[in-house]
Amino acid sequence: MHTTDMDPDLAQWVEMLRSHDVEERLVAVKTLQHLGDEDAIEPLIAALQDDHPRVQHIAVTTLWELANPVAIPPLIECLNAPHQQVRDEALAALKELVSTQDLMTLLDVLQQDDVHAQLGVLILLRKIHDAQALPFILPFFESDNPALREAAVTTLRYLNQVVRCEPVLALAKDAEESVRRATALTLGHLSDAGVIPLLCELLRTDADWQVRRNAAKSLELQADAAATEALMAAMADAEWQVRKFTARALQQIPNAQAIPALIKALSDEYSDVRRDAATALGNIGDASVLPALQQTLDDPDMDVRIYSERAIAKIQASC
């Protein structure tokens, strides 16, 4: 739209947005943001190419607020902007604006040789959930950039109908802790034959406690009795969050063999562990654990007392 066709009050600021003086362009773009007029969309898109990052940033924010789909392709191009603040603002806007209709555009950008754009697109694909993205994500599992490997394995977790992906299993032994952490969480959503043994191995042996914790979370989702032995051993883990999520996983696969480890956990120094251990014992339903549970009715933590009472009631109801 030419400025001659605009409202004069709007046109003066659009003209100023083309000034050689950056201060004038900043005043113009801030005013256009305040006015919120859709007739300014075209000049705001042009301002995404401004030399000054502050002008670019405000233009991105204004297009985000206007939420017109015509701005989505130029905002996607901002994912490889030279300034991080502009990239971050564009990514935040696109998280709200992109839809399944933008899938092919995003996949095209994913094939560009630009790390910033690739990272941004991998994050945006988590909103679209389309399994068509899988073949485009797989190459990043072997990227030299650990941030891309981590982003790719995390995005895999969000794709609908993807329950098998054998190439991702190798990332469970990645040299980067961040990649192994993301992989441990993603494995909980897959059903490949090697998933349960791999999660058990991570839970037992990984040097990073967050990897072990995430493995326990995934084993809770899997609820597979084959993991019982590894889970019982993990109740003695040095990190309380690992013990907490291990107790939750044991709640899903009640097994009398786990009773000694769970009774010991009733005196754990962390209340979350005591609470989840009490629930796990209640799910096993063995009356022999009632004396141990009754001792926790004096626990200083109210949650522990409440969950112990529920566990006791559940066992008594089943006898």
Side-chain angles (χ1 to χ4, degrees), residues 1-3 5-7 9-130 133 136 140 145 147-148 150-152 154-155 158:
M1 178 182 287
H2 297 290
T3 53
D5 299 326
M6 292 180 179
D7 182 297
D9 290 339
L10 179 66
Q12 62 176 319
W13 302 112
V14 171
E15 286 290 348
M16 188 180 287
L17 192 57
R18 299 164 182 162
S19 168
H20 293 294
D21 186 327
V22 66
E23 294 301 327
E24 290 189 356
R25 299 202 303 278
L26 279 170
V27 170
V29 75
K30 288 177 182 175
T31 303
L32 291 173
Q33 180 184 20
H34 174 72
L35 293 175
D37 193 322
E38 289 215 340
D39 285 346
I41 287 179
E42 186 177 330
L44 285 167
I45 290 175
L48 296 176
Q49 305 302 318
D50 196 281
D51 292 336
H52 199 283
R54 184 61 181 152
V55 175
Q56 291 179 13
H57 189 278
I58 298 173
V60 170
T61 304
T62 307
L63 290 168
W64 180 2
E65 293 170 352
L66 291 171
N68 190 311
V70 72
I72 292 176
L75 286 174
I76 290 175
E77 292 179 11
C78 288
L79 293 175
N80 61 8
H83 299 280
Q84 183 175 345
Q85 287 186 331
V86 176
R87 295 196 302 269
D88 291 347
E89 187 73 354
L91 180 60
L94 289 165
K95 283 180 179 176
E96 292 189 8
L97 299 178
V98 295
S99 67
T100 54
Q101 297 178 345
D102 303 304
L103 176 62
M104 293 305 154
T105 302
L106 291 172
L107 294 180
D108 285 343
V109 175
L110 200 58
Q111 297 178 78
Q112 296 176 5
D113 187 19
D114 185 284
V115 172
H116 298 307
Q118 290 169 334
L119 281 171
V121 170
L122 286 170
I123 292 170
L124 292 172
L125 289 174
R126 297 169 196 170
K127 179 182 178 183
I128 295 179
H129 307 294
D130 197 317
F136 297 85
F140 291 99
N145 186 319
L148 286 173
E150 178 189 357
T154 300
T155 300
Y158 290 83

For Asn145, give me all partners under side-chain contact (heavy atoms from CB on, under 4.5 Å), at least two apart in sequence or on another chain. Val115, Ser143, Ala147, Leu148

Interatomic distance, Gln56 atom CD to Asp51 atom CG [nearest 0.5 angstrom]: 8.0 Å

Between Ile58 and Lys30 the two heavy atoms that sit nearest each other are CD1-CG, 3.6 Å

Which side-chain N or O atoms in residues 99-106 pair as donor and acceptor under 3.5 Å with protein atoms at least two apart or in another chain?
from   : atom 1 : to     : atom 2 : distance (Å)
Ser99  : OG     : Gln101 : N      : 3.4
Asp102 : OD2    : Ser99  : N      : 2.9

Test Leu75 against Trp64 for side-chain contact (heavy atoms from CB on, under 4.5 Å), laying out the working first. CA-CA 9 Å; Leu75 286 174; Trp64 180 2; 5.6 Å; no

Can you give me the closest heavy-atom contact between Glu89 and Val60, atom names plus distance? CG-CG1, 3.5 Å

Closest non-hydrogen atoms of Tyr158 and His129, given as atom of the first, atom of the second and distance, are O-ND1, 2.9 Å

So, taking the atom named CG in Leu110 and the one named CD in Gln118, what distance separates them when rounded to the nearest 0.5 Å? 6.0 Å

How many angstroms lie between atom CG of Leu10 and atom CG of Asp37, to the nearest 0.5 angstrom? 5.0 Å

Nearest heavy-atom contact between Pro73 and Pro69 is CD-O, 3.7 Å

Which residues pass the side-chain contact (heavy atoms from CB on, under 4.5 Å) test with His52, sequence neighbours left out? Val22, Arg25, Asp50, Arg54, Val55

Would you give the length of the straight line joining atom CG of Leu119 to atom CG of Asn80, rounded to the nearest 0.5 angstrom? 12.0 Å

Is the closest side-chain heavy-atom distance between Leu48 and Glu77 below 4.5 Å? no

If you count every heavy atom of other residues, nucleotides or ligands that lies below 6.0 Å from Asp21 atom CG, does the total exceed 12? yes

Looking at every heavy atom in both Pro53 and Val86, which two are closest together, and how far apart are they? O-CG2, 3.7 Å

What distance separates Gln84 CD from His57 NE2, expressed to the nearest 0.5 Å? 10.5 Å

Quick one: pull up CZ in Phe136 and CG in Leu107 and give me the separation to the nearest 0.5 Å. 5.0 Å

Please name the pair of heavy atoms, one in Ser19 and one in Glu24, separated by the smallest distance, quoted to 0.1 Å. OG-OE1, 2.8 Å

Tell me, yes or no, whether the heavy-atom count around Gln85 atom CD, taken from other residues, nucleotides or ligands under 6.0 Å, exceeds 12. no

Only one of Leu44, Val70, Leu97 passes side chain to side chain contact (heavy atoms under 4.5 Å, CB included) with Leu63; say which it is. Leu44

